[in-house]
K.L.:
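Dumping the structure here so I can ask a few things about it.
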Amino acid sequence: MKLKNKKWSLDKFMQIREEVLKQWDTGAEVDLEDAIEYHKSLPEQKDMSKKLIEAKEEKITLTQPRAGVALIDEHVELLKFLKEEGQADLLPTTIDSYTRQNKYQEAEEGIKQSKTEERSMLNGFPAVNHGIKGCRKVIESLDAPVQVRHGTPDARLLAEITLAGGFTSYEGGGISYNIPYAKDVSIEKTIYDWQYVDRLIGYYEEKGISINREPFGPLTGTLVPPSISHSVAIIEGLLAAEQGVKNITLGYGQCGNLTQDVAAIQTLEELAEEYLSEYDDIVLTTVFHQWMGGFPQDESQAFGVISWGGATAALAQATKVIVKTPHEALGVPTKEANAQGLKTTKQVVNMLKDQHFMPNGVLEKEKEMIKKETKEILNRVFELGKGDLAKGTVRAFEAGVLDIPFAPSKYNAGNLLPARDNNGAVRYLNHGNLPFSEEVINFNKEKLEERGKDEERDPSFQMVIDDIYAIGKGMLVGKPRT
Amino acid sequence: MKLKNKKWSLDKFMQIREEVLKQWDTGAEVDLEDAIEYHKSLPEQKDMSKKLIEAKEEKITLTQPRAGVALIDEHVELLKFLKEEGQADLLPTTIDSYTRQNKYQEAEEGIKQSKTEERSMLNGFPAVNHGIKGCRKVIESLDAPVQVRHGTPDARLLAEITLAGGFTSYEGGGISYNIPYAKDVSIEKTIYDWQYVDRLIGYYEEKGISINREPFGPLTGTLVPPSISHSVAIIEGLLAAEQGVKNITLGYGQCGNLTQDVAAIQTLEELAEEYLSEYDDIVLTTVFHQWMGGFPQDESQAFGVISWGGATAALAQATKVIVKTPHEALGVPTKEANAQGLKTTKQVVNMLKDQHFMPNGVLEKEKEMIKKETKEILNRVFELGKGDLAKGTVRAFEAGVLDIPFAPSKYNAGNLLPARDNNGAVRYLNHGNLPFSEEVINFNKEKLEERGKDEERDPSFQMVIDDIYAIGKGMLVGKPRT
Amino acid sequence: MEKKTLVLGVIGSDVHAIGNRILEEALTKAGFEIINIGVLSPQEDFINAAVETDADVILVSSLYGHGEIDCQGFKEKCIEAGLEDVLLYIGGNLVIGKQNWEETKKKFLDMGFDRVYPPGILPEEPIADLKKDLGIKE
Amino acid sequence: MEKKTLVLGVIGSDVHAIGNRILEEALTKAGFEIINIGVLSPQEDFINAAVETDADVILVSSLYGHGEIDCQGFKEKCIEAGLEDVLLYIGGNLVIGKQNWEETKKKFLDMGFDRVYPPGILPEEPIADLKKDLGIKE
């Protein structure tokens, strides 16, 4: 495995492919020619790339839930319900956690127990075990584009099966589906494995089938500063483009401060366009994730959090919004709760679709700082790789130049401490080894000192913990009780 | 009845008072000296004026529901629930519709039937029938300030009884509780009757008891342009101040466009401060009403509308927000639904309390136009009254210089047609006889022409109807289906 | 064909004026002669207007929850006034609180109303029913 | 008094890392010796860590709904490894979907856990229980 950011030859791809398809029985079913034909036979309204391009042109924000259960019929029923009752524009298929760890035997056990217990014992749809036929049954039963959403470090076989199965969008990336989702898988390995996935999609593109690719924006989902997730999103976007991916959706997880969140979505698109300008025919869209951290247990309060996420997505004009449910604090939601989250979001998004967040001085400053921070990180990544982004990324994680807060991976430095400032925007309390300039460091420091002064305490890990709990307790900024 | 805007002598007040107290048996119970003593005995946390002043200083937005049922014990139980489960900061007592029309005999019948049926047959609390003792039982059972909310053209006896009963805030006014709430009561009569109410509160002020007064901001609640409700609010504020009222909360009903709504709350306070500057020691606060028009029947969608109202109230920094419930489309809500609306709102208000809407050019323009429109109306009102605001108001309604859209009163010209522009802000499609300058007329016209062009139809009454239904159908602007 | 005449109004102490105005607009467009007595209308005003105009239908709105009290004895008074053949329609938020709709409907049918509508319906529904009940061909 | 030792971890294929980190912080502050084996930990890792450190308590988190499968046979394996006296605590989103909490709790008590916690509790609650169960005086 010699990692570099260079489009794989078809030979290399096909060689590795042989091994990949042997990882589980169902791999043998995959035939790329048949898959291309199958995609050509699908009606337009099942094409994620097209749907996203339309939404971008119309400047509307589409809604998409998360959802997946163990068995095929129940999964179809669930998605139909979310489309009809929840008015979802785009559909997901969330993959179960065993499949994410390539534990297909355990997934098989989960399918068996789900049949016996007559309820889903898995937290998602085990697509590899269900194989191409199972996937196509899902696609054919639904009247909307369906995306694979998961959290799989080695997602090669899953990609082969679901794409041949008719899915038109694939989430993840070598960083975003490793660092927050694994404990001891090297970055080198996951970038390599995701080059495979991107090369596969590049192959589909060459054959005229555009598959949408979405790096996972929110990472660990809690207090991730925009410049961290932007850096990762842009790296994964570039790595995907190099392998021939054309339709890319970059993501960001809501922090909660409106100005920062709008600035984040705008800079994400602006920066990505700049960095990706060397690739032709790339179509960029954005996805906004409603708050991914701790939720209030009370459903009414949860509706408030969900709505605020919907409002922010619309005001920021994200191309789509991933929706939470009023059961968020309690685990996997019922289909009714899932539809509720969608309907609330749709109401807000529709009411705000003709309203825009206007530049106001503060927005520009926020955008300027996000861009500065992101560029300082990315410049160093390129430096470390001596111009090669893949190598640079591996070295940047070793050096803590890329670092994701609260991540489980041992390949992550874990030096960062983020905290909210007095207006709820997420800042760096400790920026670890991020290669920041004095200006950036001071900007963050001043913002947090202002809050510390207001709360009469020094910014500390306790402040971070207070912030982590705050939204669940009905606040944004975790101020100490007075 | 010689109407003029001049503080009543105590003699005049006491003379009329004799008749007022005879309107229903319970009037005989009222003893002003005893009432003053009673208020002095109440703990601080039941004082609405104080609570609002604190909130204004802390720049937070307090939550308040609407609620009232026929019987005392059930009413107390309801309000306790909204305080404890719903975390309401301020409490209401909504008065039933019979009492609002001074039909105390019918209210008595409603109380009787409510006892027999063991459910409330009235849509509010018949405070006059329950008398001072009944009111005091409510006040003593609750640990928050309680306001009387109603819709009563002649609210004199109701004021005497509820204020002596310990309520510390009183909603309404001679315009806002007439034009939207009556069919054939003259403005002259209601302004006169509300001078009585304000003089009564002025009397309390003289004795050291500050009662909060709140003109009813939203009027007919649907597509009321800010300059209409501002004109009425400022007139009622001035009339109240003349009679000695000191603690005044001015209201505004959400239109749905964030910029317009923030501009409305800010200009309401700024204009009122300007007009009221001749009176000493006035404390002004603002109240923002979540959308008062048609709601979606679906509860999840309703949560979206409620949240957006909460978000706007917080971003506009209104002193309090009046909260809707997920049952809004279905009539009087259960206490659980009422608490749900409160909790959703509180979550959003708390998450946004440290965020502000910043000037962005568009906000300033919106504020400028609202101020211009309001001043053009008020200037003409003063002119028509030859300097006397009370007389001017009567003549202005006759001349259609004051005019409220969709109002039932025959004393209202009813010439206005409001409609949304392309961003959802409410504009004048037909400004009737409002004394607007060319600049104002053209501004409104251009905004609506822009929308008409976009929708390929001329602005018309059908557009107004589409807008009235739009939020109930999940949109803000009532665009024709394509 | 001659236009059918409808008396339209909001009963009791109810002041909800907007739906009333939209309903007038929609019914007029649909070809009916509308006598709109507006909000805050007691039973007597509906009956007097129907007698004076020889109306075919009385259409009552009630949005504020007191409909149950306000409509007691309405059908009986119509019969006394010689309006036994006039159709009685009612719609809105007819009771206090969120109650079982079927029960509410039955309650008003038992009181002598011919058609009962829940909150939130569009004018198209009663218009279609009116045409059916009055034998109007499209 | 000697510090009590706790093995802390997130079981199965679950990657929820933030609660685990906060729990470590809170338990350490409360005076316990914490062996944190982190996320993605199979039953064997909990047991090995408990044997090696002579732990008093194993505290299992499961946030992703597979807890029901992941914990099958855990108590039995503990007994096999000679850990019959080690306290077993578990907390989180233990099953898929919104189920009756009492039933879920009973299910895990029956599986041999000594304490079972619903989602959303703060660290204070298990800390108080630990002190009680381990006979620690404040």
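Everything quoted here is computed from the prediction, not taken from an experiment. Atoms considered below: every heavy atom in the structure, side chains included; atoms not considered: hydrogens, waters and symmetry mates. Each chain gets a letter, A, B and so on, in the order the sequences are listed, and its residues count up from 1.
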K.L.:
Write out all chain B-chain A donor-acceptor pairs shorter than 3.5 Å, or none if the list is empty.
P.N.:
{"unit_1": "B:Gly256", "atom_1": "O", "unit_2": "A:Gln355", "atom_2": "NE2", "d": "2.9"}
{"unit_1": "B:Leu258", "atom_1": "N", "unit_2": "A:Gln355", "atom_2": "OE1", "d": "2.8"}
{"unit_1": "B:Asp298", "atom_1": "OD2", "unit_2": "A:Lys343", "atom_2": "NZ", "d": "2.6"}
{"unit_1": "B:Ser300", "atom_1": "O", "unit_2": "A:Thr344", "atom_2": "OG1", "d": "2.8"}
{"unit_1": "B:Gln301", "atom_1": "NE2", "unit_2": "A:Gln347", "atom_2": "OE1", "d": "2.9"}
{"unit_1": "B:Ser307", "atom_1": "OG", "unit_2": "A:Ser307", "atom_2": "OG", "d": "3.0"}
{"unit_1": "B:Lys343", "atom_1": "NZ", "unit_2": "A:Asp298", "atom_2": "OD2", "d": "2.6"}
{"unit_1": "B:Thr344", "atom_1": "OG1", "unit_2": "A:Ser300", "atom_2": "O", "d": "2.8"}
{"unit_1": "B:Gln347", "atom_1": "OE1", "unit_2": "A:Gln301", "atom_2": "NE2", "d": "2.9"}
{"unit_1": "B:Gln347", "atom_1": "NE2", "unit_2": "A:Ile471", "atom_2": "O", "d": "3.2"}
{"unit_1": "B:Asn350", "atom_1": "ND2", "unit_2": "A:Gly474", "atom_2": "O", "d": "3.4"}
{"unit_1": "B:Asp354", "atom_1": "O", "unit_2": "A:Asn423", "atom_2": "ND2", "d": "2.8"}
{"unit_1": "B:Gln355", "atom_1": "OE1", "unit_2": "A:Leu258", "atom_2": "N", "d": "2.8"}
{"unit_1": "B:Gln355", "atom_1": "NE2", "unit_2": "A:Gly256", "atom_2": "O", "d": "2.9"}
{"unit_1": "B:Asn423", "atom_1": "ND2", "unit_2": "A:Asp354", "atom_2": "O", "d": "2.9"}
{"unit_1": "B:Ile471", "atom_1": "O", "unit_2": "A:Gln347", "atom_2": "NE2", "d": "3.2"}
{"unit_1": "B:Gly474", "atom_1": "O", "unit_2": "A:Asn350", "atom_2": "ND2", "d": "3.4"}

K.L.:
Which atoms of A:Ile306 come close to chain B, meaning under 4.5 Å heavy atom to heavy atom: side chain ones, backbone ones, both, or neither?
P.N.:
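For A:Ile306, neither part sits under 4.5 Å from chain B.
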K.L.:
Which atoms of A:Pro296 are under 4.5 Å from chain B, going by heavy atoms: the side chain, the backbone, both sets, or neither?
P.N.:
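Side chain of A:Pro296 only, per the 4.5 Å heavy-atom cut-off to chain B.
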K.L.:
Checking heavy atoms, do the side chain of B:Val305, its backbone, both or neither come under 4.5 Å from chain A?
P.N.:
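Backbone plus side chain of B:Val305, per the 4.5 Å heavy-atom cut-off to chain A.
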K.L.:
Side chain from CB out, backbone as N, CA, C, O: work out which of these in B:Ile471 comes under 4.5 Å of a heavy atom of chain A, or both, or neither.
P.N.:
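B:Ile471 touches chain A through backbone and side-chain heavy atoms alike.
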K.L.:
Pick from B:Val349, B:Val477, B:Leu352: which one has the most heavy-atom pairs with chain A under 4.5 Å?
P.N.:
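Ranked by heavy-atom pairs under 4.5 Å with chain A, first place is B:Leu352.
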K.L.:
State, to 0.1 Å, how close A:Pro326 and A:Gly341 come at their nearest heavy-atom pair, and which atoms those are.
P.N.:
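Scanning both residues, the minimum pair turns out to be CD-N, 3.9 Å.
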K.L.:
With only heavy atoms counted, which part of B:Leu315 is less than 4.5 Å from chain A, the side chain, the backbone, both or neither?
P.N.:
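Just its side chain gets close to chain A.
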K.L.:
Within this structure, what is the CG-CZ distance for the pair A:Leu258 and A:Phe357, rounded to the nearest 0.5 Å?
P.N.:
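So the gap between those two atoms works out to 4.5 Å.
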K.L.:
So which atom in A:Ala329 and which in A:Phe295 form the shortest heavy-atom distance, rounded to 0.1 Å?
P.N.:
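So the two residues come closest at CB-O, 3.5 Å.
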K.L.:
Could you tell me the separation between the CG atom of A:Leu223 and the CG atom of A:Leu417, rounded to the nearest 0.5 Å?
P.N.:
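Here the rounded value is 10.0 Å.
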K.L.:
For A:Val224, give me all partners under side chain to side chain contact (heavy atoms under 4.5 Å, CB included), at least two apart in sequence or on another chain.
P.N.:
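A:Leu219, A:Thr220, A:Ile228, A:Ser229, A:Pro405.
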